[in-house]
Amino acid sequence: MQSVTVKEIFRETDRFLNQNIELSGWVRTVRSSKAFGFIEVNDGSFFENIQVVFEESLANFIEIGKLTISSALRVQGTLVSTPGAKQPFELKAEHIEVLSISAADYPLQKKRHTFEYLRTIAHLRPRTNTFAAVFRVRSVVAFAIHKFFQEKGYVYVHTPIITGSDAEGAGEMFKVTALDMEKPPRDDAGNVDFSKDFFGRETSLTVSGQLNVETYCMAFRNVYTFGPTFRAENSNTARHAAEFWMIEPEIAFAELKDNMNLAEEMMKYIIQYALDNAPEEMAFFNNFVDKGLFERLENILSSEFGHVTYTEAVDLLEKEKENTHFEYPVKWGIDLQTEHERYLTEKIFKKPVFVSDYPKDIKAFYMRLNDDAKTVAAMDLLVPGIGEIIGGSQREERLDILLTRMTDSGLDPEDYGWYLDLRRYGGVKHAGYGLGFERMIMYLTGMSNIRDVISFPRTANSCEF
RNA sequence: UCCUCGAUAGCUCAAUGGUGGAGCAACCGGCUGUUAACCGGUAGGUUGUAGGUUCGAGUCCUACUCGGGGAGCCA
């Protein structure tokens with residue numbers, strides 16, 4: 001008698017066919033009649049269920065026929081093939097032990113539920129087909145990302161979650177404090193005295209590991225971070241969360257072009273890895289979540305990403321203006337609106353497209369100033385359906401220009417001494433980008449709301465579970 | 001934060017300002033190959049919250065809460 005998983009049975013069927021085996025799992029559905037019945041069991045190891053046949057001869061036949069969904073079982077029996085049936089094989093039970101009976105008010109029914117409802121029972125939703133698929137793909141893709149960078153010799157850097165940098169510039173920050181919020185210590189001017197706080201200064205949760213990881217880039221050459229990120233923006237959209245995961249590679253002796261090449265190679269690697277290593281889950285998404293998914297992903301694997309500069313993009317969009325109505329005007333110097341980005345990637349290019357070399361005034365201080373002195377070596381990767389999935393740039397390595405850019409942006413160079421040191425001690429050209437992990441998962445699965453690709457999403461006005 | 005739409009049984013949805021229903025789930029029973037199993041029956045409601053208009057409000061009005069879609073911010 002061997003205890004096996006459903007995954008092993010599906011992957012190595014011949015080894016187990018006509019053998020006596022034992023498995024344990026949870027009831028997904030029971031269909032019973034007078035003298036026999038069927039149970040679909042999912043053991044968590046695999047996306048697919050296994051069908052268990054039970055007959056009158058079982059001592060607890062009546063009890064088995066009345067099992068509620070999500071009850072737990074241990075089944076012993078013979079695996080038999082079922083040619084011509086919907087399932088390839090089934091387990092003919094010789095003994096079924098009931099390990100746990102689920103209460104009758106179990107909220108998940110044998111029917112389709114809306115994603116909105118499932119969000120309210122986020123502790124139970126991984127038991128549904130869709131979320132089982134989402135979170136297995138999420139796990140597989142996290143591994144793929146590490147594998148991609150590790151195979152290239154990149155060093156994985158854990159940048160801090162708590163930061164003292166009060167102006168990373170990427171968004172509103174959550175404050176971290178150990179002070180008594182009821183009556184915090186105050187200075188002579190009546191302001192909260194953070195010198196009395198745990199760290200002796202004002203601190204926040206990180207909005208990006210980039211500035212920190214640049215320091216390791218100047219030591220290890222090629223590095224990446226992969227960790228949680230926090231933004232206290234009051235964003236209410238399907239693609240923003242207050243807590244999300246981000247991948248930030250940083251490469252030395254490299255320019256913007258190298259950065260874009262890396263991003264394209266990484267995207268393709270991840271897609272291929274997911275298709276190869278979660279085929280059942282990906283097929284499910286293609287069949288039930290997004291009918292055009294495979295076509296889209298395969299189109300990406302086999303084509304070069306588009307490249308366009310911001311200036312060219314503005315020209316293209318201005319030409320389209322005659323045929324299309326944009327709610328917001330397109331004009332050089334103004335950041336592209338979502339509708340413009342979507343038009344570029346969905347209508348003009350019909351594939352992922354890098355937009356590069358944005359006007360310096362709409363981008364961050366650390367992005368490298370181009371020779372025209374008007375634009376910076378920044379790049380966004382836009383993908384159909386999601387919009388911006390990657391944002392990156394070549395970093396300004398020239399100390400004098402960086403200082404000017406900081407001052408112009410209203411930042412105090414005093415606060416960035418360690419960052420400026422990188423330019424003083426062997427600073428070289430380097431570049432990097434941030435990939436929103438959840439946006440990648442959305443793109444890969446066709447799921448359209450970020451709340452449905454994070455186990456327990458944290459968004460404005462919502463921190464359940 | 002702004003615009004817009006919505007909230008009715010456990011779930012998905014009906015109900016002209018005039019007695020709140022259906023399908024599924026639950027429960028009881030039937031059925032010898034089901035696979036969103038099928039067939040019959042039973043039970044299930046302070047119509048999101050708080051006010052208001054009206055003889056009468058699920059339906060009209062106001063505020064709030066939560067959710068969907070769109071926008072801003074961005075990954």
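Lettering follows sequence order; numbering is per chain, from 1. Just so you know, these numbers use all the heavy atoms, side chains as well, and skip hydrogens, waters and symmetry mates.
- If you check every strand for non-hydrogen atoms under 4.0 Å, E438(A) touches nothing.
- With respect to Q51(A), the side chain to side chain donor-acceptor pair (under 3.5 Å) criterion is satisfied by exactly one of E40(A), K92(A), R31(A): R31(A).
- Summarising the geometry, the separation between CD on Q109(A) and P on A9(B) is reported as 13 Å, rounded to the nearest angstrom.
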Start with the C-alpha gap between F54(A) and F36(A), add the side-chain angles, then the distance that decides, and say whether ring pair (Phe, Tyr, Trp, His ring centres under 6.0 Å) holds.
-> CA-CA 6 Å; F54(A) 62 102; F36(A) 65 95; 8.4 Å; no

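- Taking 4.5 Å as the limit, every side-chain heavy atom of V157(A) sits out of range of all side-chain heavy atoms of Y224(A).
- G17(B) and U54(B) have their C1' atoms separated by 9 Å, with the value rounded to a whole Å.
- Of the candidates G10(B), A75(B), G33(B), A75(B) carries the atom nearest the F244(A) side chain, counting heavy atoms from C-beta on.
- In the interface, the side chain of Q87(A) is paired with the base of U34(B) through a donor and an acceptor atom under 3.5 Å apart.
- Candidate nucleotides C11(B), G33(B), A26(B) were compared by shortest atom distance to the side chain of A104(A), and A26(B) ranks first.
- One can place CZ of R231(A) at 16 Å from P of G72(B), the figure rounded to the nearest angstrom.
- Nucleotides C3(B) and C39(B), compared at atom P, are 49 Å apart to the nearest Å.
- Checked by distance alone, N461(A) brings no side-chain donor or acceptor within 3.5 Å of a matching partner on the base of U65(B).
- What separates CG of N449(A) from P of G68(B) is a distance of 6 Å, to the nearest Å.
- Of the listed nucleotides (G33(B), C73(B), G29(B)), C73(B) has the atom at the smallest distance from the side chain of R239(A).
- If you check distances only, the side chain of R31(A) never reaches the base of C31(B) with a donor-acceptor pair under 3.5 Å.
- Proximity note for Y328(A) (side chain, C-beta onward) versus G69(B), U34(B), A71(B): the nearest is A71(B).
- Remark: C1' of U34(B) and CD of E40(A) are 9 Å apart, rounded to the nearest angstrom.
- Rounded to whole Å, the separation between the C1' atoms of U8(B) and A57(B) comes to 14 Å.
- Nucleic acid contact class of A85(A) (heavy atoms, under 4.0 Å, all strands): base.
- A71(B) atom P lies 8 Å from atom CD of E339(A), rounded to whole Å.
- The gap from the P atom of C66(B) to that of G23(B) amounts to 35 Å, rounded to the nearest Å.
- When heavy atoms are screened at a 4.0 angstrom cut-off, T29(A) is found touching the sugar-phosphate backbone but no base atom.
- Comparing U16(B) with U12(B), their C1' atoms sit 24 Å apart, to the nearest whole Å.
- Separating the P atom of G48(B) from that of G6(B) is a span of 14 Å, rounded to the nearest Å.
- Salt-bridge formation is detected for the pair R395(A)/E250(A): a Lys NZ or Arg NE/NH1/NH2 atom is positioned less than 4.0 Å from an Asp or Glu carboxylate oxygen.
- T229(A) comes within 4.0 angstrom of no nucleic acid atom, judged by non-hydrogen atoms across all strands.
- Nucleotide G30(B) holds its C1' atom 13 Å from the CD1 atom of I62(A), rounded to whole Å.
- The separation between E464(A) atom CD and G67(B) atom C1' is 13 Å, rounded to whole Å.
- Listed nucleotides: C73(B), G33(B), C11(B). Nearest to the side chain of K111(A): C11(B).
- Contact annotation for Q51(A): base contact, defined as any heavy-atom pair under 4.0 Å involving a base atom.
- Of the P atoms belonging to C24(B) and G70(B), the separation is 33 Å, rounded to the nearest Å.
- Residues L124(A) and L108(A) approach most closely at O-CD1, 3.5 Å, considering heavy atoms.
- Contact annotation for E248(A): no contact, since no heavy-atom pair falls under 4.0 Å across all strands.
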